[in-house]
Structure formats: structure tokens, C-alpha cells
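Below is one structure, written out as C-alpha cells; the observations come after it.
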Amino acid sequence: MECDFNCKELNKYRADCPYPALKVKRPNKRYGNLLLEAYGGKYSETTAINQYVSHNFYSGDNTDLENAFRYISIVEMHHLDMLGDLIRKLGVRPEFRSSKQNFYWSGCFVNYDTEVKKMIRADIEGEREAIALYKKLISQINDEYVRDVLRRIIMDEKKHIEVLSSLYKKICNSNIKPHRPGC
Ligand SMILES: [Fe+2]
Ligand SMILES: [Fe+2]
């Protein structure tokens, strides 16, 4: 994906590994439908994008956190784009819904916390749920091309957990009041 954003900065928020080609062994509607869960289900890329955009409004004057929310949301957008392309190639229309027919994506899937530590905890939880979903999809989809893309996405989600966990630790440490003898 070409982007106008500072890609050097963006690279801090994705795994250092090329993305596989976006192709499928052969069209398979069942596999396409399964992938919809990661495209427009509860723990989908659509939820992740909206949650990071929403959390970014409350990153305050913490530039590291603001950058993390902004750039991670862009990486999630790339994931959504790759999944949509695979779903289409598998023979299914990429709609913002889960694998269940007529179960469309909802804004209620997004975490709307505004307190910094709560937001980061919710985001790490969302990343873990996404990884669990991708692992399940890898076990259900017998197409090595699709599996390669899902494995590569997992690498990015792990990177997001790493970045967010490190920011969380920094914020917790900065909240500890220094002990001043005599006070
Ligand atoms: Fe993602
Ligand atoms: Fe992620």
C-alpha cells in the first residue's frame, strides 16, 4: 500500500518483515465468509481502526501516545485493505459485517474509555482478541496464501502489544510520586 504518511515513522508500529502477495489458491466463499469476522466483526480491523481514532482524541499532551494511536490506526487500515482484497478474491463481497449473515458492524464494538491507562489496557485486550481470532482463522482456512497474510498480520498485532505495553509502563512509572525525605 502506498501512503503519504511518514513511512519511516510508521515502521515503528509494524513488524520488520515484508507483506506476502495478496492471492488465493482458488475462490472459496466459505473461506471468504470466515474472513469477514476479521473484517467487520466484533474484534475486527474495523473496530481496531475506530477505537484507535477514538482514543487518539484523549491522548492529551502525550506525544508518544498520540503517535502510537495515530500510526497504529493506519497499520490497522492496511490490514483491513488486505483482508478486503482477499475476501473479494475468494468470491465474497467485503461488507462490514461478521461471518453471520445480516450481522453488521456496530459502533458499540468500540471501547470509548477516555482515561489513558484504561484506553491502553482496552487496546492491548483488543490486540489479544484479534490475534486469537487470526489463529482460529488460520486453523479453519486451508489456503497457504491466505494463511501467510494472516500470520503476517499477527506479527503486526504483536508489535502493537509491545509498543502499547511499553507506553503503559512508562505512564505508570511517571505516576509514581518520588519519595521526598522529610515530607
Ligand atoms: Fe490489525
Ligand atoms: Fe493491531
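All values below were derived from every heavy atom in this structure, side-chain atoms included, with hydrogens, water molecules and symmetry-related copies excluded. The chain is numbered in sequence order, starting from 1. Counting convention: from 1, in listed order, for ligands and their atoms alike.
Centred on the Fe ion (ligand 1), the OE1 atom of E45 and the ND1 atom of H79 lie at an angle of 100°, reported to 10°. Between the OE1 atom of E76 and the OE2 atom of E157, the angle centred on the Fe ion (ligand 1) amounts to 120° when rounded to 10°.
At a cut-off of 2.8 Å, E127 coordinates the Fe ion (ligand 2) through an N, O or S atom.
For F109, the CZ atom counts as densely surrounded, since its 6.0 Å shell holds more than 12 non-hydrogen atoms of other residues, nucleotides or ligands. By the 6.0 Å contact criterion, CZ on F103 is open, its count of non-hydrogen atoms from other residues, nucleotides or ligands being 12 or less.
Between D85 and R88, at least one side-chain nitrogen of the basic residue sits less than 4.0 Å from a carboxylate oxygen of the acidic one, meeting the salt-bridge criterion. Between E125 and R121, no side-chain nitrogen of the basic residue sits less than 4.0 Å from a carboxylate oxygen of the acidic one, so the salt-bridge criterion is not met.
No other N/O/S atom of H160 lies as close to the Fe ion (ligand 2) as ND1 does.
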